[in-house]
Chemist: 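The structure's right below; bear with me while I get my questions together.
Below, all heavy atoms of this structure are taken into account, side chains as well, without hydrogens, waters or symmetry copies.
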Amino acid sequence: MQGASCKLVKIDGWLEGAGVAELARVLESAPGPLHLLLHDLRGADTLGLSLLRGLADLGTPLEGLSEYLKLVLSDGGARAPR
């Protein structure tokens with residue numbers, strides 16, 4: 001984990017719909033580096049995957065991401081079945 005000034009954000013359930021926009025708003029307003037805790041994230045829609053992919057591309061740690069979601073994120077935009 002990064003330094004003590006890192007902001008921890010836990011995401012669980014499904015990252016979809018209005019929740020994606022709300023998460024993006026919260027993350028944009030958080031000062032300093034972020035660290036996402038995703039142990040309990042069950043899945044995400046296309047926008048949720050896009051947000052996670054963008055955060056990963058920026059170097060944000062995605063801790064606890066399931067192997068399935070890792071594969072989906074590395075697939076260049078594949079949709080996660082529900």
Chemist: Check whether any side-chain heavy atom of Leu38 lies under 4.5 Å from a side-chain heavy atom of Glu63, and answer yes or no.
Modeler: no
Chemist: Which heavy-atom pair separates Arg53 from Leu73 by the least distance, and what is that distance?
Modeler: NE-O, 3.0 Å
Chemist: Run Leu27 and Val9 through side chain to side chain contact (heavy atoms under 4.5 Å, CB included) and show every step you take.
Modeler: CA-CA 8 Å; Leu27 296 178; Val9 179; 3.8 Å; yes
Chemist: The criterion is side-chain contact (heavy atoms from CB on, under 4.5 Å); which residues satisfy it with Leu51, sequence neighbours excluded?
Modeler: Val20, Leu23, Ala24, Leu55
Chemist: At what distance, to the nearest 0.5 angstrom, does CG of Leu41 lie from CG of Leu52?
Modeler: 6.5 Å
Chemist: Keeping to residues at least two apart or across chains, list the side chain to side chain donor-acceptor pair (under 3.5 Å) pairs with something in residues 22-33.
Modeler: Glu22-Arg25
Chemist: Can you name the nearest heavy-atom pair linking His39 to Gly64, along with the distance?
Modeler: ND1-CA, 2.9 Å
Chemist: Considering residues at least two apart in sequence or located in another chain, which fulfil the side-chain contact (heavy atoms from CB on, under 4.5 Å) criterion with Ser66?
Modeler: Tyr68, Leu69
Chemist: Using only atom types and a distance under 3.5 Å, with no angle test, would you say the side chain of Ser50 pairs donor to acceptor with the backbone of Thr46?
Modeler: no
Chemist: Drop me the distance from Ile11's CD1 to Arg42's CZ, to the nearest 0.5 angstrom.
Modeler: 15.5 Å
Chemist: Show the nearest heavy-atom pair for residues Cys6 and His35, with the distance to one decimal.
Modeler: SG-CB, 3.3 Å
